[in-house]
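For clarity, every value in this text was computed on a predicted model and none was experimentally measured.
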Amino acid sequence: MADFTPAAIKATVAIAALEALDIRVGTIERVEEIPRSDKLMRLTVNFGDHSRTILAGIKKERENPRKSKDARPFLL
């Protein structure tokens with residue numbers, strides 16, 4: 001993780017811009033490796049009324065990406 005540099009914080013946005021987004025909170029139910037990928041993990045996220053499979057570039061970002069299970073991230 002020594003080679004990871006976080007992105008700079010962006011400027012704030014107006015409330016009107018946020019109202020145009022569909023923001024949902026889901027629970028990560030499963031975290032899986034993607035074969036031959038240095039960055040991607042496959043997340044199964046439950047939003048209550050449905051689940052989605054999402055590919056996220058978190059493998060190098062977290063020391064143990066599997067610890068993300070049961071987390072409740074904000075997803076757009």
Looking only at heavy atoms, what is the nearest atom pair of Leu43 and Ala56, with distance? CD1-CB, 3.9 Å

Determine whether Ile58 and Ile28 fall in the same hydrophobic cluster, where Ile, Leu, Val, Met, Phe, Trp and Tyr are linked whenever their side-chain heavy atoms lie under 4.5 Å apart. yes

Please test Arg24 against Arg52 for side chain to side chain contact (heavy atoms under 4.5 Å, CB included), starting from the C-alpha separation and ending with a verdict. CA-CA 12 Å; Arg24 297 177 184 240; Arg52 287 192 180 177; 5.7 Å; no

CG-CZ distance between Asn46 and Arg30, expressed to the nearest 0.5 angstrom: 11.0 Å

Is any side-chain heavy atom of Val31 closer than 4.5 Å to a side-chain heavy atom of Arg42? no

Heavy atoms of Asp38 and Lys60 approach each other most closely as O-CG, 3.6 Å

In residues 6-20, what donor-acceptor pairs under 3.5 Å come from side-chain atoms, sequence neighbours left out?
none

Is any NZ, NE, NH1 or NH2 atom of the basic residue among Glu33 and Lys59 found under 4.0 Å from an Asp or Glu carboxylate oxygen of the other? yes

Is Val45 linked to Ile34 within one hydrophobic cluster, defined over Ile, Leu, Val, Met, Phe, Trp and Tyr using a side-chain heavy-atom separation of less than 4.5 Å? no

